[in-house]
Amino acid sequence: MIITKEKPLQEILGFLKPYKKVLVVGCDGCVQPPRSLRESERMASLIELARSSSGQPIQISATTVSRQCCAEGLQNQLNVEGYEALLSMACGVGVQVLNSVFPSIPTFPAQNTVFLGYEVKREGEMFENCRACGECMLGETGGICPVTRCAKGLMNGPCGGCVEGKCEVPAEIRNWKGEVVQTLKNDCAWYLIYQRLKELNRLDLFRKLRLPKNWGIAGYPRRM
Amino acid sequence: MKPFSHLMKAISEGKFVYTGELEPHRSLDLSEVESWARTLKEAGILAANVTDNPRSDSAISSLVASYLIQRNTGLETIYQLRTADRNRLALLSDVLGAAALGLKNILALTGDHTRTGTTPSSKPVFDLDSTGLIALIHRMVHEGKDLDGNEIKGPRPEINVGGAANPNMDPLEIEVLKLERKAEAGAEFFQTQVVFDVEVARRFLREIEHLKVPTLIGIFPPRSYGQAEFFDKYVPGVRVPRPFMEAFARFKEIGDKQKRSEKINEYNVEYFSSFIREVKREKACAGIHIMAVGYPEVIRPLMESVK
Ligand code: SF4
Ligand code: SF4
């Protein structure tokens with residue numbers, strides 16, 4: 001199970017400022033409290049109201065999917081044609097999957113992912129892409145999480161270890177004894193962030209100076 | 001910018017400066033690096049970096065080494081401090097400690113990941129990155145506070161903080177944007193990775209001119225063909241120009257050891273003095289950072305040839 005907390009509306013309005021046609025995407029999966037169609041519609045109407053009262057009207061609609069953490073499912077269930085940006089009501093995993101399935105438009109997070117539970121059943125390889133840091137920064141990083149996907153968790157990368165887009169720290173695949181059976185090159189998260197923000201014409205976000213993260217809110221064990 | 005160190009004073013007076021590099025090891029014994037420091041000082045090097053667990057290979061505290069070298073040899077040190085091994089409390093402690101010991105320069109680094117070094121079992125820190133550390137030191141020096149707003153009692157530390165830069169980054173745009181962040185955070189000088197190709201250095205210096213941060217270009221005169229080849233093949237992003245590699249390949253064939261090193265020294269002095277004369281013309285270039293670790297014979301003739 002994944003616990004999220006809604007971001008302040010001001011922060012969300014800031015993400016959506018340059019865009020006039022937006023789709024809010026809910027998730028019927030494990031996120032708690034529920035962030036499904038009803039919550040997405042409520043979010044859409046809050047944004048619509050705020051934008052029209054500030055004289056910058058927006059066309060915004062809401063939908064939901066069964067799970068934002070399944071790329072295949074998103075491809076089949078979601079049609080984003082005509083939208084300039086997506087706003088995800090799901091956890092940091094979902095925001096990143098939406099960004100990778102629909103790369104031509106940015107997906108912004110509406111939630112701070114507070115922590116992740118786990119599932120015992122596993123189908124195929126799994127990738128870690130959210131550590132539930134409690135202060136989601138995907139809105140500034142092109143929907144790619146540096147907290148989890150940068151080996152050093154840097155705020156202002158890439159570091160000097162990024163060569164031809166690859167990280168200085170390799171991915172080590174281990175067997176059940178813990179022995180390394182394969183060493184692969186990992187993508188440098190910050191290089192991916194740079195490429196994506198450049199494609200989206202948002203290098204202003206890449207350029208932004210980011211002060212160190214507040215780790216106080218991610219201290220474990222947590223409770224809600 | 002308020003210059004506290006000899007290095008920053010010289011730069012702000014418009015002097016073209018030279019810095020060197022010292023690498024203490026996993027040992028209490030600093031006699032070798034101190035003799036090195038004396039060689040650098042006699043050759044006219046203004047200050048030298050003291051490395052902090054370079055390549056994530058643990059070594060004696062760079063704070064202590066920076067202090068002892070500066071005290072025992074009179075060469076000003078640039079205390080390298082990496083965020084890989086310390087959180088923001090420990091970093092603040094060390095910055096205050098450095099100021100109390102009279103150190104005036106810090107080079108803020110992120111550092112290689114601990115998994116790539118000799119102690120991969122360690123838990124890495126990276127609470128801040130190099131840019132965050134620059135911001136912390138800037139705030140301590142100029143506002144007497146840490147990043148959470150906690151006040152420093154009594155006098156503020158008097159330290160000039162610098163950052164590393166990589167002219168070999170491809171695309172260079174990434175590096176320029178990164179350096180814009182570092183400048184905004186309060187970086188007062190930059191020292192670069194090794195550059196061999198004068199065109200690479202020139203292009204980089206022009207791209208960052210708008211930042212108005214004095215920049216020292218890093219060079220590394222190689223002592224042998226093997227070393228030159230190492231840079232060309234294995235150091236990320238570094239390209240050694242073909243004529244340079246060809247010359248070193250010819251030197252490799254010289255049987256007489258003495259004669260071979262004479263030729264190599266001669267070539268290095270000629271190549272790098274013309275390199276220096278070229279980059280010196282660029283507005284953003286405040287000096288040269290010579291990283292010829294373990295090759296003292298080249299420093300003095302090189303320094304004399306560019307006087
Ligand atoms: S920044 Fe990363 S770790 Fe933090 S909530 Fe967002 S996706 Fe998760
Ligand atoms: S190379 Fe990229 S992903 Fe790896 S530690 Fe550096 S910035 Fe992070």
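Numbered from 1 within each chain, the chains take letters A, B, ... in sequence-line order. Both backbone and side-chain heavy atoms feed into the values below; hydrogens, waters and symmetry mates do not.
- Counting non-hydrogen atoms of neighbouring residues, nucleotides and ligands closer than 6.0 angstrom, the CZ atom of B:R115 exceeds 12 such neighbours.
- Both the backbone and the side chain of B:D112 come within contact range of chain A, judged by heavy atoms closer than 4.5 Å.
- Proximity to chain A involves both the backbone and the side chain of B:I174, based on heavy atoms less than 4.5 angstrom apart.
- Near-neighbour residues of residues 191-202 of chain B relative to chain A, defined by a heavy atom under 4.5 Å from a heavy atom of that chain, are none.
- Close approach to chain B, defined as a heavy atom under 4.5 Å from one of its heavy atoms, is seen in A:L203, A:F206 of residues 199-206 of chain A, taken by number.
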Quiz item: For B:E173 and A:K198, what are the C-alpha separation, side-chain angles and deciding distance, and is it a salt bridge (charged side-chain N to carboxylate O under 4.0 Å, His left out)?
Solution: CA-CA 10 Å; B:E173 181 180 41; A:K198 192 174 168 79; 2.8 Å; yes
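- Each of A:G165, A:G161, A:A151 has some count of heavy-atom pairs under 4.5 Å with chain B, and the biggest count is that of A:A151.
- Looking only at heavy-atom pairs under 4.5 Å with chain A, the residue among B:L109, B:D170, B:N166, B:T116 that has the most is B:T116.
- Of the charged side-chain nitrogens involved, at least one lies within less than 4.0 Å of a carboxylate oxygen, so that B:E184 and A:R207 count as a salt-bridged pair.
- In this structure, the portion of B:A135 lying under 4.5 Å from any heavy atom of chain A is its side chain and not its backbone.
- In this structure the side chain of A:K208 never reaches within 4.5 angstrom of the side chain of B:L177, judged on heavy atoms.
- Distance check, rounded to the nearest 0.5 Å: CG of B:L136 to CG of A:L211 gives 10.5 Å.
- Side-chain contact between A:W190 and B:K178: absent, with no pair of heavy atoms (C-beta onward) separated by less than 4.5 Å.
- Heavy-atom contacts from other residues, nucleotides or ligands closer than 6.0 Å to NZ of A:K21 number more than 12.
- Using a 4.5 Å cut-off between non-hydrogen atoms, no part of residues 94-108 of chain A approaches chain B.
- Within residues 152-160 of chain A, the residues having any heavy atom closer than 4.5 Å to a heavy atom of chain B are A:K152, A:L154, A:M155, A:N156, A:G157, A:P158, A:C159, A:G160, listed by residue number.
- The closest donor-acceptor contact from the side chain of A:R210 to the backbone of B:T131 lies at 3.5 Å or more, if one exists at all.
- Within the 4.5 Å cutoff, the side chain of A:Y191 has heavy atoms near those of the B:P171 side chain.
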